[in-house]
Amino acid sequence: MHLNYHFLKYLCPALNEKFAGKTIQSCFSQNKDELVIETTSGEEECWIRAHFKTPQIYLSFPDQFRRAKRNSINLFQELIGDKIISCQVLTFERAFIFILESGGILLFKLHGNRSNVFFYQAGEKVPSRVFRNAISEDKDLDWHTLNREIDLSKDRFWELDGNASQFLPTLGAIPRAWLKERNYPSSSIETKWRLMEEVLDILDSPLFALVETDAGVILSLLPESNPIKVFSDPITAVNELFYLALVKGNFEKDKNDLLKKLQDQLKKTKSYLAKATAKLDELKNSAPPSHLADVIMANLHEFSGGKMDVELLDFYTGQQVKVTLKPQQKPQDLAAQLYRKSKNRKLEWEQIEKTIEAKKQQETELQRQIEKLESVDDFRGLKSFKKEDVPEKSLLKESSSLPFKIFEVEGFTIWVGKSAKDNDEMLRGFAHKDDIWLHARLVPGSHTIIKMKGQKSLPTHVLERAASLAAFYSKYKSESLAPVIYTEAKFVRKVKGSPAGSVKVDRENVLMVKPIGPDDSIAMAKS
């Protein structure tokens, strides 16, 4: 109810007492959709802070405020040096005015997401300055038209058959909910009138309560069973609401969002470690493919006559093993494949061990980050944490606002740009110089990045899978085979003035791969 007429009619007399006789010293904005006005009288400071960044519409009137040295712009310069004579609420309207010594009017219109601030020169009906210029209809608003008269008589109530919204449009959501809880819609007209009189009596002698709801902290003028705090002074109430709902609320949201991202990363890291450890154990405890190759080579005569299925004795285990050849495949070729697979298995074994070690270090670091973040209790500490303890910029953005899709292959994170413009942003703002950059050769497509995170080597199958994604998200999507170039990100640069997504590559290698999109073999972390 902090934007409601029934609150403003108490707030404005308090503002009148606080600001009458004060001279406006500065007026500026240092955050999007937030206007700050400094007033003084002698050495006493009083500030007006109007935060209109939707959906968070709040007012605050602190005694102290520190203006930022950078990213601050002066506004409403006609106000500087003018003196505030009085503050008045507009009748039955979510708006109030400061009347200035020059005859000018400073209007605060609090219409939810269309809230705005206006300055009117003396005697003018059209504003000479509007804070939020994007609201086009406000440029011609005559503030006199906002004043309204409402007949609150019993006769009019009966004429409207007790329709609360028509009888008193300024009532607001909280009083309407109070009426509904008391079965107002289904009550008789006499009972409705009694309830209406009761709620009006409460609104005429309120305490200002701050209440925690599912939507956040709100201000109520009605009796509340479990308020956070209760105030008799409206300025103190609205200042505390500003702090709890906006300052503390945004801090807790930012902190919890980042904490969840770190916890999700830790969960994925632990999951990968469990799977990789199990796979490593399987590799260590299972027979190498070269054993079967030895058995095949020792029994080549069994395949004479074009036999495709042969039962052989595995002299390593003493068990019978069935060997099936593919059409046109020779047993020697199958044995050669198994020998190569056995050799590659050793390389895979070594790579998994290295990746497990890197993931264990990542797990330790994530646990440290989470513990440190949990102890942060203000915006300054959170800002410092983001700067010093979060190496990945992608963690500091909402998933929907990231310029890339995120996949995971064998513990390696792979990014795929969403558009030409996003390709540029990904390369410029998120990629590290040692990351591997890929792109379909000579055709439009998404830039693809393999995050190395300090790892020295990259498994061939991970590189090939990333290349197949790069080919899939390109003009080669429907081809059976596609060329993909790859290199370290430090060899890829943007040429000034070039089109979005266009880059110059100083060194490159080429892979021929089949375009393959996301499937069950890779985990898609975010889109």
Side-chain angles (χ1 to χ4, degrees), residues 56 212-217 228 243-281 351-416 425-426 429-436 449-456 458 462 489 522-527:
Q56 297 175 314
E212 183 73 55
T213 71
D214 292 340
V217 180
I228 301 171
Y243 171 73
L244 291 178
L246 189 63
V247 179
K248 187 177 180 182
N250 282 352
F251 160 73
E252 290 179 347
K253 181 181 183 302
D254 286 355
K255 175 182 173 178
N256 290 336
D257 285 349
L258 183 53
L259 190 60
K260 185 178 184 303
K261 289 176 181 178
L262 290 172
Q263 289 169 338
D264 286 347
Q265 258 206 352
L266 179 61
K267 183 178 178 181
K268 290 174 185 174
T269 301
K270 288 182 174 180
S271 175
Y272 175 81
L273 278 170
K275 292 177 182 177
T277 302
K279 186 172 182 178
L280 184 61
D281 289 342
Q351 180 58 48
I352 290 175
E353 287 181 327
K354 290 179 183 177
T355 306
I356 285 175
E357 182 59 34
K359 285 291 182 179
K360 284 181 177 178
Q361 292 176 8
Q362 184 182 18
E363 180 185 28
T364 301
E365 176 61 14
L366 285 168
Q367 288 172 335
R368 183 197 69 80
Q369 289 176 341
I370 289 169
E371 289 176 5
K372 184 172 181 179
L373 179 56
E374 287 175 336
S375 68
V376 172
D377 56 9
D378 58 27
F379 263 123
R380 183 174 295 181
L382 185 60
K383 183 178 180 180
S384 175
F385 177 85
K386 288 179 178 180
K387 183 178 180 180
E388 298 173 5
D389 293 271
V390 184
E392 289 293 344
K393 291 183 181 180
S394 60
L395 283 174
L396 304 181
K397 282 199 173 187
E398 293 295 326
S399 302
S400 59
S401 67
L402 288 172
F404 44 79
K405 299 177 176 67
I406 304 179
F407 303 94
E408 187 167 309
V409 178
E410 296 291 333
F412 284 83
T413 299
I414 297 175
W415 295 345
V416 178
E425 185 180 351
M426 176 175 70
F430 293 89
H432 186 271
K433 64 178 182 178
D434 294 330
D435 293 339
I436 303 300
I449 296 286
I450 304 174
K451 298 296 294 176
M452 294 303 292
K453 296 180 182 178
Q455 299 204 53
K456 304 279 187 189
L458 177 67
V462 174
I522 63 175
M524 189 169 184
K526 303 180 184 73
S527 60

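In this chain, numbering begins with 1 at the start of the sequence shown. Just so it is clear, the values below take in all heavy atoms, side chains as well, and ignore hydrogens, waters and symmetry mates.
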Assign the ring pair W415 / F404 to parallel, tilted or perpendicular, where the plane angle (0 to 90°) is split at 30° and 60°. parallel

Is there side-chain contact between K451 and F412, with at least one heavy-atom pair below 4.5 Å? no

Partners of T213 by side chain to side chain contact (heavy atoms under 4.5 Å, CB included), sequence neighbours excluded? V211, A215, I218

Y272: partners by ring-ring contact (aromatic ring centres under 6.0 Å, His included), with sequence neighbours left out: none

For a 4.5 angstrom cut-off between non-hydrogen side-chain atoms, does E353 reach L280? yes

For E212, side chain to side chain donor-acceptor pair (under 3.5 Å) partners two or more places apart: none

One thing to verify: whether D264 and K260 come together as a salt bridge, which I'm taking to mean a side-chain N less than 4.0 angstrom from a carboxylate O. yes

Any heavy-atom pair between the side chains of L266 and I370 that's under 4.5 Å? yes

Within-4.5 Å side-chain heavy-atom neighbours: L366 and T269: yes

For the side chain of S384 and the backbone of R380, is there at least one donor-acceptor N/O pair under 3.5 Å apart? no

Heavy atoms, side chains only, cut-off 4.5 Å: are T413 and I449 in contact? no

Kindly write out the residues that satisfy side chain to side chain donor-acceptor pair (under 3.5 Å) with K255, not counting sequence neighbours, or none if the list is empty. none

Is there a donor-acceptor contact under 3.5 Å from the side chain of N256 to the main chain of E252? yes

Kindly write out the residues that satisfy side chain to side chain donor-acceptor pair (under 3.5 Å) with K433, not counting sequence neighbours, or none if the list is empty. none

Does any non-hydrogen side-chain atom of E363 lie less than 4.5 Å from one of K270? yes

For K267, all residues meeting side chain to side chain donor-acceptor pair (under 3.5 Å), sequence neighbours excluded: none

Side chains of K359 and Q362: donor-acceptor distance under 3.5 Å anywhere? yes

